[in-house]
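Accompanying notes for the structure given below.
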2 protein chains.
Amino acid sequence: MSTEEKIFNAARIVFQKKGFAGARMQEIADEAGINKAMLHYCFKNKQQLFEAVFMKAFSQLAPQINTIFNSEKSVFEKITQFTHDYISFVIENPFLPQFVIQEMNNNPEFVMSILTHANRPNPDLFISQIEKEIEAGIIKTIKPKQLLLNIFSMTVFPFAAQIMVKGILHLSDLEFNQMMEERKTSIAQEIINSIKK
Amino acid sequence: MSTEEKIFNAARIVFQKKGFAGARMQEIADEAGINKAMLHYCFKNKQQLFEAVFMKAFSQLAPQINTIFNSEKSVFEKITQFTHDYISFVIENPFLPQFVIQEMNNNPEFVMSILTHANRPNPDLFISQIEKEIEAGIIKTIKPKQLLLNIFSMTVFPFAAQIMVKGILHLSDLEFNQMMEERKTSIAQEIINSIKK
DNA sequence: GTTTGGTTTAACCTTTTGGTTAATAAAGGT
DNA sequence: ACCTTTATTAACCAAAAGGTTAAACCAAAC
């Protein structure tokens with residue numbers, strides 16, 4: 001693994017655990033097992049190192065959404081596939097949602113610039129598809145954006161609020177993961193139940 | 001308003017916007033319109049000032065949950081009342097959810113100590129009530145904790161991820177608030193639809 | 001073997017930041 | 001009026017944190 005990769009991975013770990021403001025360059029250097037000056041040799045400064053990490057994280061989250069939402073399937077099929085695939089992905093990267101949400105809140109200007117970029121999540125096609133299926137009488141009358149928000153809420157929230165959820169529901173790491181495994185299939189069923197005519 | 005209140009309110013604003021690590025004592029002093037030394041005169045240090053703010057925030061969020069969940073109503077009534085009241089409350093305090101979640105992630109040891117305290121959110125009674133209504137054939141077979149997680153996800157997530165939601169769904173502040181107003185009643189309906197026999 | 005180029009480091013520098021102090025102003029009791 | 005206590009401030013301090021530099025290291029090229 002190249003030094004740049006070592007730094008990047010260390011930065012990912014530290015930034016995701018402590019956030020931008022809480023992360024220390026020295027801690028990233030220690031985590032990478034190299035001298036602090038190397039950070040500035042490979043990446044200009046803290047901000048740029050952070051942006052590299054954040055972009056990578058965001059670019060892993062976003063395209064999947066578009067791939068699924070812009071496919072040729074029905075709304076129900078898309079919901080089923082999205083919730084399953086997305087939870088599978090986030091189980092492997094459990095810190096990503098909270099990391100992205102946190103830094104969007106603390107750093108809105110920088111992040112909004114990302115949202116105007118190319119492969120940003122774009123729900124427009126999915127939204128108009130929902131409207132069509134409502135007119136066709138397949139789905140109950142519901143605001144498409146509300147439905148979309150429900151889907152994201154049910155999939156993402158448990159990971160974003162992981163620590164609190166574990167605390168309040170008295171879940172061990174193992175139990176939490178088992179619940180998330182169940183959710184891969186259960187929440188699609190529940191969402192579909194709530195909107196099918 | 002006493003100086004202590006001015007400091008507390010300023011601290012609340014700055015901590016909720018920037019988080020513990022990102023907040024600056026000088027910025028809090030400026031926001032309060034007083035000298036920085038006064039912060040240390042009224043509160044011992046940054047940590048203690050933060051804990052005061054966090055405790056207040058958490059103690060506003062938690063008891064409501066218990067009051068509703070431990071009442072004498074049916075599961076459907078509780079879901080209806082909880083989602084409505086909770087969204088109403090969070091509309092008035094839109095930064096609370098993200099603030100609490102963020103600091104729980106960045107500071108788990110400190111926060112877990114709060115969760116063992118007295119008026120922590122305690123869903124035990126509500127969970128056993130769900131089990132009873134499942135046996136009674138009122139509700140479909142579902143894991144109570146999954147249902148609880150669904151309820152929290154649908155109510156809390158849109159606020160926790162507010163900036164991202166606005167960005168992806170192209171919502172102005174006004175449109176976002178209108179959507180949340182709708183959710184006060186709509187999500188209870190949708191949740192109940194998805195679980196009623 | 002020596003030069004040359006990119007790596008890597010120890011030591012250093014500068015700014016920021018949380019926190020303190022000592023002096024001053026205001027308030028209250030007698 | 002005078003003293004005591006409380007509130008408030010400007011100036012200061014020490015530690016932490018981000019960033020720089022100049023020298024050392026090390027491989028490949030000649």
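Within every chain, numbering begins at 1; the chains are lettered A, B, ... in the order of the sequence lines, protein sequences first and strands thereafter.
With A/F20 as the aromatic partner, A/K46 meets the cation-pi criteria of under 6.0 angstrom to the ring centre and within 45 degrees of the ring axis.
Atom NE2 in B/H40 sits about 13 Å away from atom C1' in D/dC12, given to the nearest Å. Atom CD1 of A/I28 is separated from atom P of D/dG19 by 10 Å (rounded to the nearest Å). Residue A/L49 contributes atom CG, which lies 15 Å from atom C1' of D/dA17 at whole-angstrom precision. A straight line from CG of A/L39 to C1' of D/dG19 spans 10 Å, rounded to a whole angstrom. Rounded to an integer number of Å, the gap from CD of A/E4 to P of C/dG6 is 15 Å. When the C1' atom of C/dT20 is taken as reference, atom CZ of B/F43 falls 19 Å away, rounded to whole Å. Rounded to an integer number of Å, the gap from A/Q26 CD to C/dC12 C1' is 14 Å.
Checked against the 6.0 Å centroid threshold, B/F99 and B/F58 do not count as a close aromatic pair.
Ring pair A/F126/A/F69 is parallel by interplanar angle, where below 30° counts as parallel and above 60° as perpendicular. Ring orientation note: the planes of A/F89 and A/Y86 are tilted relative to one another, at an angle of 30° to 60°.
Distances shown here put every side-chain N or O of A/T3 at or beyond 4.0 Å from the OP1 or OP2 atom of C/dT7.
By the criterion of side-chain heavy atoms lying less than 4.5 angstrom apart, applied directly or through intervening Ile, Leu, Val, Met, Phe, Trp or Tyr residues, B/F95 is not grouped with B/F157; the two fall into different hydrophobic clusters.
For B/K17, the NZ atom counts as loosely surrounded, since its 6.0 Å shell holds 12 or fewer non-hydrogen atoms of other residues, nucleotides or ligands.
One finds no salt bridge joining A/E135 and A/K132 here, because no Lys/Arg side-chain nitrogen approaches an Asp/Glu carboxylate oxygen to under 4.0 Å. Electrostatic pairing of A/E31 and A/K6 does not count as a salt bridge here, judged by no charged N lying under 4.0 Å from a carboxylate O. At a threshold of 4.0 Å, the pair A/K166-A/D173 counts as salt-bridged, since one of the basic side-chain nitrogens sits closer than that to a carboxylate oxygen.
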Where do N or O atoms of nucleotides 15-17 of chain C meet protein N or O atoms at under 3.5 Å, pair by pair?
unit_1: C/dT17; atom_1: OP1; unit_2: B/R24; atom_2: NE; d: 2.6

Contact list (N/O, under 3.5 angstrom) for nucleotides 9-11 of chain D vs protein:
unit_1: D/dT9; atom_1: OP2; unit_2: B/N35; atom_2: N; d: 3.1
unit_1: D/dA10; atom_1: OP2; unit_2: B/N35; atom_2: ND2; d: 3.2
unit_1: D/dA10; atom_1: N7; unit_2: B/N35; atom_2: ND2; d: 3.2

